[in-house]
Structure formats: structure tokens, C-alpha cells
**Q** 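I have a structure here, written as C-alpha cells, and I will follow up with some questions on it.
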2 protein chains.
Amino acid sequence: MRRGRQPARGPRTAKTLQPTIGDVARRAGVSRATVSRVLNEYPHVRPQVRTDVQRAIRALRYRPDQVARSLARRETKTLGLVVADITNPFYAETARAIVETARGHGYNVILCNTDNLHRLQEEYVEVLRQRRVDGIIFGSVFLDDPVVEALVEAGYPCVMYNRRLRSGRGNYIVLDNASASHDLTRHLLDLGHRHIGFITGLRDLSTASERLRGYRAALRAAGLPADSRLMRPGAFKAEMAQRAAQELLKLPRRPTAIMAGNDLMALGVMQAAGDLGLRVPEDLAVVGFDDIEIAAHRQIQLTTMAQQKAEMGRMAVVWMLEIIRDPRRYRREPLQQILTPTLVVRRTCGALLRGDKSGDRRATVPRPGRRAGRSGEGKALRVPSSRKEKR
Amino acid sequence: MRRGRQPARGPRTAKTLQPTIGDVARRAGVSRATVSRVLNEYPHVRPQVRTDVQRAIRALRYRPDQVARSLARRETKTLGLVVADITNPFYAETARAIVETARGHGYNVILCNTDNLHRLQEEYVEVLRQRRVDGIIFGSVFLDDPVVEALVEAGYPCVMYNRRLRSGRGNYIVLDNASASHDLTRHLLDLGHRHIGFITGLRDLSTASERLRGYRAALRAAGLPADSRLMRPGAFKAEMAQRAAQELLKLPRRPTAIMAGNDLMALGVMQAAGDLGLRVPEDLAVVGFDDIEIAAHRQIQLTTMAQQKAEMGRMAVVWMLEIIRDPRRYRREPLQQILTPTLVVRRTCGALLRGDKSGDRRATVPRPGRRAGRSGEGKALRVPSSRKEKR
DNA sequence: CTGAAAGCGCTTACAG
DNA sequence: CTGAAAGCGCTTACAG
């Protein structure tokens, strides 16, 4: 009964209750091609026909099948997003920006959480490729990452943010971690600290290794030894960091300051300090990276190197869309940007101890380095400029 | 050149560099149907043939096209996840569990962030339907939600968690918010508070309205008036709540305790208290809902009604898979579960003020209600039992 | 401006 | 156990 002038399309099974383009065509008295044309807003469709088709669409509550469209067009309007841990506010905030920006451009995002496990990374990348996503955004690559390396090699649209490959290949947007860490260490040195602990992330991540490098460089520049007993792994997790900090704080000569590889770990360090009856910052200075929202809370007031999380996420998507448009171009000349860090001085570093004790928790004081920070009311101003941009 | 015994499949365009099932078939000297069979682990394939095919697959680095498979099978192995705000740790933690559980069962998750906007909700649901996702998990429905209501009506696989519809229809798993709020209020009353403020979420959400109801009920039961000046909207956001709290705290007769509709807002209340020079809990008791991770931090120590976030997320997926298997069954008899809340007493409510001041921040004291809480070392034990389960 | 037809890359009765 | 064929629901040259 349902077959019209169209070529037979087979009977509809029980599972297929949704009207198809054929149903619309029949009802509007046109071909499926024409329906497709009005659906896709082709220019040359007779107004009358267009209206008829639209009426039929509405009458049938027709909803075009994106799966079929994806197959025909060979594009899915889907992006993969691979993060290490969505419960880390850094990733949650970037993910939010990514999802929102993608939506604004007609893309959806498949969320993948790897927990920094190579196995899951590999599995997710494989699945995303099978799903023919138009591109993959990595918030979490490993320094040595054959999987991502292969993707880049194959010219698969990829954008990394936060972390990058050791090889330096591919499109990425990252913080200038070495400088950030150098400046943060310098900040502590300027405050008089000479025994500064460092709790790192995982060894195989660019963020961890670059931040460790900046820390060492700053110590060296200050003529201080890089004491390996002061460096402990914290896996970018609060609990791990808490334990690591406890060990550091039980050393015969305990550090007077601890830098954590990210804010989450800095929170863990603060816990550890409390566990041992040490006051922050009077007995121990604590600093981190990321400037997650809670860092600004008045009970926390964490001094930290800020990252422009929303901006990074937005940018990753904008780049991705460009790359999808012309993959070969960006294979030759990858998009790479290194963002200038902004130091946000709050209470935990102790900088405010002597002067203003009012708890003006978001003041951003001038930085020791060549780039001046900014102070502001309420939300601290963050004005990073890009130091190095390759396009 | 590439055409074999198979029906002509047309030339490969530049975009299609990926090998197809036809390429594998040709190489292995079998039909495409046979390749499909070994791909899908059909029982009756001659071992020799199976090996040949597998070899060909490996040689060509063949990756089955999930899009094509989805079209043919009429199932996408994809779930939609609709949350209000992925940067709220409550959603991040549930999302994490959802993504991970789904992955374990061969499903991927499209993340949708609505910001509690009807417009975005509607848009996302429409897109998810066009994408033919196998089901949608809602962490965020509105009390009156024609969009979700229509989905449920149509028998589209849906699971709600955290919030539910006013109509009570559909599958859901939520906290017993009214009891939770009642008990939390009662807890404050038992501590001697008689003037308790309440900062609610958005009006059109079951969480907000049920929690407000519990609060009022507890006041009434204590013979206290429900003073509308003490109730302010906070939109489930820290910043809004901070402002709302400031207003409350400037009232001629200011509240001695403030309940926030969730932990994020409770953090905002603590900020407000600090802004006005009030100490928590000495001058102001503060409590919330959710027990997000930071609530346990020693600088925060927020008393709160815990939710089993990971468990909720896991359960939502497990249910979803069952529903996908037999949608009609659960249309008749929806899966509905109401979880018993667990009160986690920490510092901000002031309960520890007189007795133990050691900062034993996670002790869970017996609750005033009929259900006893539990105390534990380190992580507070949470042992909610289900009061009501319908299947 | 519009339709017929081929194609996207799979799966799955249907035969044999 | 395996292949030929039809089908999933779209899009898009190709004609006219």
C-alpha cells in the first residue's frame, strides 16, 4: 500500500515506525530527491513545492535520519572528546566549552574518559574511528603516544589541548608549562623559600614533565640544588598528592613550600598539611596550576597558575572545524599555540602574609618575570598574551 | 579494477580511503556476507574461512564502519546524556560513571549540557532523536517537561536520574529529596536553630521543589512558621547563592543557619558569610546537598545530604540497557527508585562545636530521623537503603 | 526546477 | 556453511 512511484523500498518492520523521506515524498507528491533538497536548503526549489514538502514534513513529524545522512555524506557531524578525568574541574570546564561551541556549529560530542590509561585511550580511539567521527579533540595525550601519533600521521583531524606529544607533531594548544612552572617557583623563591617540594603528575605527560623542568630550571637559576627527595609523583589526583605531601612533610628537613602539578593535587597537599597540624601558609606555602573554580573560594584561596579553560576549549573546536574543512593544509602546517600563563596570587603562597591581611583573596600581584600580572576586583583578571604562534 | 564478483559498488572517491567490507571479501576470496559473519562472530563459519577473513582484515587494517552498521541494524550503540551543567561536580561524577559503564557494554555517550535552559533541552532532544541514539539519560528534566513527556509517551528509552517529572511518569532514580530536606532541617532544629534560611534551586525542578517542601514540613512539624522572606532562589549556582545569602544575612533578623539546595550553593553561602565577617559555623551554620568531593576538604568540611553519585550513574545505564532490550515492558511498568539519603555531618553545621573539636571532619553522627547514620574512618560510610522500589 | 538511479557500507533473511 | 540480493534511509551527480 505504501509503495508509490518510488522504487520499492521494502516493507517497514515493527522497529521502523519513524517516517522516512519516502513517506514525505509520497505525501507531498514529489520525489525523494526533492524532499532532500528542501531539507538541505538547496537554492533552486519552486516555492510552492517547498511549501508542500514542509507541510508534509510537519504533518508526519518527519525527523531526518542523521545516521543515513552520515553514511551518504561521509561525515557524521560528531567529534570525539578524550579527557583523562571529567571529574577534574579543569576538564569539566574545558569540556563544557567544547560541547557548547560544537553545538553552536551543528556538531555533537562523544565523551571519552581514559583515566590516563593507555588501554582505554587506545580503545576509545579505535571506537571513535569506527564511528567515523569527523575529528578527535584530545585533552589527554601521552608524551609518547603511538595511537595519536598514528592518527596525526594518517591526517585524521585531531586537536590536542593541555598536553602535547613529545614529537611536537600535530595541532595543539597548551600552556607554556615550563615558563609557568619556572615563574611559580621563582615566586616562591622570592618569598624566601629555599626548600621547595614538587608533586608531579604522571611521568608520561607533557604537562608533568614540562612543569617539572621549569621548577628545576628556576632552582638552578637561583643556585639551588634540585633535590630529588623533594619531588614526588602525585598522578594528578588529590588523594595521591596528599600521601606524597605527607611523605615530604615528614622528611628530616621538610620543605617550607610545596608546588603541586595541578590544583587538585594542591588541595591534597593542603589536606596533608592539616593532617600534620601545619598551617597554610604560615608553616607551609602551597601552590598549584589551573585555577579551577574552587581555588578562589575564601576557605581555599589557592595561589595558582591560571589556564583559560573556556577559551582553550572554544579554540580547540574552532580549530577543529577549520581542520575538517581542509585537513591537508593543516597537516603541512599544523596549528600550534602556546599560551602565556597568568599567576594568580591568593593566600596559600603566603605573599599576603605581611601586607594586606584583609583576605582580599583574588588580588593578582605583579609577577616576578617579564610579564606583569594584573589586579582586579572580584574575579581576577587574566590577560595572557600568546608568545608564540605558528600557523 | 577493484570490482570483483560482488555487485558493482561504484568507484571510491578521494574521501573514501578506508577499506570496506568489500575489499576484505575480495582479498579473502569470500562474499561480503561471510566477512560480516566473522565480524559479528556468527557461529557457523568454517574455521579456515574465518582465519582467511581475519588475516585479510588485519592486512588491510580494516575498521568496520559503525555508521553503516547502525543504519543496517537500526541501532547506534549510542546513548544521549543530558545534564544541566557538567562543571557541577555532581554531574561530572555521575557522567563519569555513566560513560564508563556504557563503554563497558559497548555504548558511547553524547554529552549534552543544557544550562537548565528549556531551549537547549529541546534542541538536544531533537538532535539526539535525529541521531537515532538508542536511549537518552536525563540528569536534568524539568518538572513540567513536554519534551521528555513526549519521549516517554512515545516509548522512547529514557532514564531520568536526580530529577523527575511532576507527572511521575517514566523511569527514574532519585534521592528522596523531601525526606532528605526534612531531616536536614530537623538536624539544624535539633542544634537549636529557629531561624533557618533556605536557598532553593530553580522553581521548575523536582529537586528544588521537593527539597523546599521537606524544609517547610520540618518547620511546620516543629511548630515554626515558614517565613517566605527566608527563602531565596539560587539557581543551583554558587554565585547566585552567594548573592541570595548576602540578602538573607542582611535581614533585620538574620538567619542563624542557611540550607542550600546543593553543595555548590552552600559554598556560595560560605563566601557570603565571609564577606560579611561571619564565621561558619559559629555565627552561621551552612548545609547542602550532594556531598561533592570538595565538601570533605578540611578547609570546607561541609555538612551535607550525600548522594551516591557513581552508583546512580551506573544504575541509570544498567537500567537503560534493560529498557532498550524490552522497551514495551518498561513502558507498562517503569523502573522507579527513590534512594534513601545519608546525612554526612561535618563542621559547617556546628554539630561538632561543643564536643569533639579535633576536626574529625567526616564523622557521620546518628541522624535525628528514623534512619540511623553511620560513622566511619576516612571516607564516611554511606549506606542508603531503598525505601521504595517499583518494578 | 525535478526525477530516476546509483551509491554510501553495512546486515540479514532466503536459498541452496 | 556460504553467496546473491535486497534493504537500511539518506545524498548527489546526471539528465532533461
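First the proteins, then the strands, lettered A, B, ... as listed; each starts at 1.
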**Q** Nearest-nucleotide wise, let me know which of B:Leu71 and B:Pro43 is further upstream toward the 5' end of DNA chain D.
**A**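 On the 5' side of the pair lies B:Pro43.
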
**Q** Taking 4.0 angstrom as the limit, do B:Arg103 and A:Glu123 come out as a salt bridge?
**A** yes

**Q** When you check the phosphate oxygens OP1 and OP2 of D:dG3, does a side-chain N or O of B:Ser31 lie under 4.0 Å from one of them?
**A** yes

**Q** Within this structure, what is the CD-to-P distance between A:Gln18 and D:dG9, rounded to whole angstrom?
**A** 10 Å

**Q** Can you name the residues that form a ring pair (Phe, Tyr, Trp, His ring centres under 6.0 Å) with A:His105, not counting sequence neighbours?
**A** none

**Q** In dot-bracket notation, what is the pairing pattern of DNA chain C, taking Watson-Crick (N1-N3 plus N6-O4 or O6-N4) and G-U wobble (N1-O2 and O6-N3) contacts under 3.5 Å, with [ ] crossing and | for other strands?
**A** |||.||||||||.|||

**Q** What is the distance from CZ of B:Arg26 to C1' of D:dG3, rounded to the nearest Å?
**A** 15 Å

**Q** Got a sec? Which of residues 45-59 of chain A come in under 4.0 Å of DNA chain C, heavy atoms?
**A**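 Only A:Val45, A:Arg46, A:Val49 qualify.
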
**Q** Let me know the distance between CG of A:Asp65 and C1' of D:dC8, rounded to the nearest Å.
**A**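 For the pair A:Asp65 CG and D:dC8 C1', the rounded distance is 8 Å.
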
**Q** Is any side-chain N of the basic residue among A:Asp134 and A:Lys77 closer than 4.0 Å to the acidic one's carboxylate O?
**A**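 Salt bridge flag = no for A:Lys77 with A:Asp134.
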
**Q** Could you check whether B:Arg132 pairs with B:Glu75 (Lys NZ or Arg NE/NH1/NH2 to Asp/Glu carboxylate O, under 4.0 Å)?
**A** no

**Q** Is a donor on one side and an acceptor on the other found under 3.5 Å between the side chain of A:Gln130 and the backbone of A:Val125?
**A**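 Side chain of A:Gln130 to backbone of A:Val125, a donor-acceptor pair under 3.5 Å: no, none is there.
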
**Q** Any carboxylate oxygen within less than 4.0 angstrom of a Lys/Arg side-chain nitrogen, looking at A:Glu122 and A:Arg119?
**A**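 Salt bridge: no.
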
**Q** At under 4.0 Å between heavy atoms, how does the protein contact nucleotides 11-16 of chain D? Give one character per nucleotide, 5' to 3', with B, S or -.
**A** SBB---

**Q** Enumerate the residue pairs fulfilling ring-ring contact (aromatic ring centres under 6.0 Å, His included) with a member in residues 111-135 of chain B, sequence neighbours excluded, ordered by first and then second residue.
**A** B:His118-B:Phe142

**Q** Going by the side-chain hydrogen bond (donor to acceptor under 3.5 Å, both in side chains) test, name the single residue among A:Gln54, A:Arg50, A:Gln48 that passes it with A:Asp52.
**A**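 For A:Asp52, the side-chain hydrogen bond (donor to acceptor under 3.5 Å, both in side chains) test succeeds with only one of A:Gln54, A:Arg50, A:Gln48, which is A:Gln48.
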
**Q** Check A:Arg96 with B:Asp115, please: is the shortest side-chain N to carboxylate O separation under 4.0 Å?
**A** yes

**Q** Rounded off to whole Å, could you give me the CZ-to-P distance for the A:Arg63 and D:dC10 pair?
**A** 12 Å

**Q** Check B:Glu100 with B:Arg314, please: is the shortest side-chain N to carboxylate O separation under 4.0 Å?
**A** no

**Q** Which pairs with one or both residues in residues 23-71 of chain A pass ring-ring contact (aromatic ring centres under 6.0 Å, His included), sequence neighbours excluded?
**A** none

